[in-house]
Asker: 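My questions will all concern the structure given below.
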Amino acid sequence: MKETEISRKAVVSLTTGMEDPEKVMVAMLVAVGAAEQGRPTLMFLTKDAVRLVQRGVAVGQACEGCPPLPDLFARYAAAGGTFLACPICVNARALDPDQFLENATVGGTVPMWEWIGDEGATAFSY
C-alpha cells in the first residue's frame with residue numbers, strides 16, 4: 001500500500017461496556033458510519049466491552065436525544081459489521097459465546113491481525 005493510500009477497512013477497539021453508555025454509543029456511531037459506507041468493519045471488544053455482544057445487554061439510550069443502542073447494533077449488523085470478543089476477557093467473565101449476537105465471535109489479536117491483513121486498516125480506540 002502506498003503511503004498516501006488509506007485502507008478501506010476500519011477497526012474500532014472498545015474497552016468499555018454499559019458502565020459508560022455514552023462511550024459505547026460513540027464507538028458504535030463510528031463503526032456504524034464505516035460499515036454503512038461499505039467499509040469492512042470490525043469491532044474488537046476487550047475488558048467489559050465483551051459483555052455488549054450478549055443478547056439483551058446493550059439496551060436503552062446513552063443520553064437524552066441519543067440514538068437507542070439496540071438501533072445502532074441492528075444497523076451495524078445490517079451493514080455487515082462484525083464483533084471480535086477477546087477470549088481472555090470472555091473467559092474471565094465466564095460468558096457463554098452461545099449467547100452472543102450472530103455477528104459476534106470470540107477471537108483475540110491473531111484473528112484481528114489476520115482480518116486486517118496486508119492492506120491495513122484505519123483504527124479507532126475507545
Side-chain angles (χ1 to χ4, degrees):
M1 179 166 51
K2 294 180 187 172
E3 229 176 280
T4 56
E5 290 179 10
I6 298 176
S7 172
R8 288 198 31 81
K9 290 183 176 180
V11 175
V12 179
S13 176
L14 179 60
T15 62
T16 303
M18 291 303 288
E19 68 276 13
D20 190 346
E22 285 186 90
K23 187 178 278 192
V24 171
M25 179 202 60
V26 170
M28 287 302 301
L29 285 170
V30 170
V32 166
E36 288 183 342
Q37 290 296 311
R39 293 180 181 274
T41 307
L42 174 75
M43 288 193 75
F44 184 58
L45 307 177
T46 59
K47 298 174 63 177
D48 273 344
V50 296
R51 297 182 190 280
L52 295 169
V53 292
Q54 295 178 107
R55 289 182 189 96
V57 170
V59 297
Q61 288 178 270
C63 58
E64 185 64 35
C66 292
L69 291 174
D71 292 355
L72 292 175
F73 277 74
R75 286 174 56 192
Y76 184 64
T82 58
F83 295 99
L84 191 61
C86 167
I88 296 169
C89 305
V90 168
N91 291 337
R93 287 155 182 80
L95 302 180
D96 180 1
D98 290 337
Q99 299 304 311
F100 284 0
L101 302 172
E102 289 182 17
N103 60 333
T105 58
V106 175
T109 55
V110 171
M112 178 188 67
W113 283 110
E114 289 171 348
W115 183 87
I116 291 170
D118 292 337
E119 88 177 61
T122 302
F124 299 85
S125 184
Y126 296 93

Asker: Side-chain contact, heavy-atom cut-off 4.5 Å: Arg55 with Phe100?
Answerer: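 The answer is no, as the side chains (C-beta and beyond) never meet within the 4.5 Å cut-off.
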Asker: Let me confirm one number: the OG1-CZ distance from Thr105 to Phe83, rounded to the nearest 0.5 Å.
Answerer: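 Rounded to the nearest 0.5 Å, the OG1-CZ separation comes to 10.5 Å.
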Asker: Could you tell me whether the side chain of Met18 reaches within less than 4.5 Å of the side chain of Leu52, counting heavy atoms only?
Answerer: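 Side-chain contact under 4.5 Å: yes.
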Asker: To the closest 0.5 Å, what do you measure between SG (Cys86) and CG (Asn91)?
Answerer: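 Cys86 SG to Asn91 CG: 8.5 Å, rounded to 0.5 Å.
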Asker: Under a 4.5 Å cut-off applied to non-hydrogen side-chain atoms, are Tyr126 and Val26 in contact?
Answerer: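 They are in contact (side-chain heavy atoms under 4.5 Å apart), so the answer is yes.
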Asker: Using only atom types and a distance under 3.5 Å, with no angle test, would you say the side chain of Arg93 pairs donor to acceptor with the backbone of Cys89?
Answerer: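 It does hold such a pair.
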Asker: How many angstroms lie between SG in Cys63 and CE in Met25, if you round to the nearest 0.5 Å?
Answerer: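 Here the interatomic distance stands at 4.5 Å.
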Asker: Counting only N and O atoms by type, is there a donor-acceptor contact under 3.5 Å from the side chain of Arg8 to the main-chain atoms of Gly38?
Answerer: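 It does hold such a pair.
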Asker: Would you say Val11 and Met28 are hydrophobically clustered, going by side-chain heavy atoms of ILVMFWY under 4.5 Å?
Answerer: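 No.
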Asker: Find out if a path of hydrophobic residues (ILVMFWY) with successive side-chain heavy-atom gaps under 4.5 Å connects Ile116 to Val30.
Answerer: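 No, Ile116 does not connect to Val30 through the hydrophobic network.
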Asker: Taking Gly17's backbone N and O only, do any of them form a donor-acceptor pair with Arg51's side chain (distance below 3.5 Å, no angle check)?
Answerer: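 Not at all, since once roles are kept as given, no pair shorter than 3.5 Å links the two residues.
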Asker: List the steps, then state whether side-chain contact (heavy atoms from CB on, under 4.5 Å) holds for Leu42 with Met112.
Answerer: CA-CA 8 Å; Leu42 174 75; Met112 178 188 67; 4.0 Å; yes
Asker: How about Glu19: does its CD atom have over 12 heavy atoms from other parts shown lying under 6.0 Å from it?
Answerer: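 Enclosed.
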Asker: Considering all heavy atoms of both residues, which atom of Ala31 and which atom of Thr41 are nearest to each other, and what is their separation?
Answerer: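 Looks like O-CG2, 3.8 Å.
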Asker: Can you tell me if NZ on Lys9 sees more than 12 non-hydrogen neighbours from other groups inside 6.0 Å?
Answerer: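 Buried by this count: over 12 neighbours within 6.0 Å.
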Asker: Does any part of the side chain of Gln61, heavy atoms only, come nearer than 4.5 Å to the side chain of Leu69, both counted from C-beta?
Answerer: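 No, too far: nothing below the 4.5 Å cut-off.
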Asker: Atom CE of Met43 and atom CG of Leu14: how far apart are they, to the nearest 0.5 Å?
Answerer: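 If we round to the nearest 0.5 Å, Met43:CE and Leu14:CG are 5.0 Å apart.
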Asker: Between Phe44 and Phe124, is the gap from one ring center to the other below 6.0 Å?
Answerer: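 Not close enough - the centres of the two rings lie 6.0 Å or further apart.
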Asker: Rounded at 0.5 Å granularity, tell me how far CG in Leu84 sits from CG in Asn103.
Answerer: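 Here the interatomic distance stands at 11.5 Å.
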Asker: Is there a path of hydrophobic side-chain contacts, each under 4.5 Å between heavy atoms of I/L/V/M/F/W/Y residues, joining Val53 to Trp115?
Answerer: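 Trp115 does not cluster with Val53.
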Asker: What is the minimum heavy-atom distance between Pro111 and Gly107, and which atoms define it?
Answerer: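 In this case the closest contact between Pro111 and Gly107 is CG-CA, 4.1 Å.
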Asker: State whether the side chain of Asp20 and the backbone N or O of Thr16 hold a donor-acceptor pair below 3.5 Å, judged by distance alone.
Answerer: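 It does not hold such a pair.
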Asker: For a quick test of reading the model, state the closest non-hydrogen atom pair linking Pro70 to Ala58 and the distance between them.
Answerer: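 Distance-wise, the nearest heavy atoms are CG-O, 3.5 Å.
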Asker: Given side chains that start at C-beta, do those of Val50 and Leu95 come closer than 4.5 Å, heavy atoms only?
Answerer: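 A side-chain contact exists here, since the closest heavy-atom pair is under 4.5 Å.
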Asker: Using 0.5 Å steps for rounding, measure from the OH atom of Tyr76 to the CG atom of Leu29.
Answerer: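 Here the rounded value is 12.5 Å.
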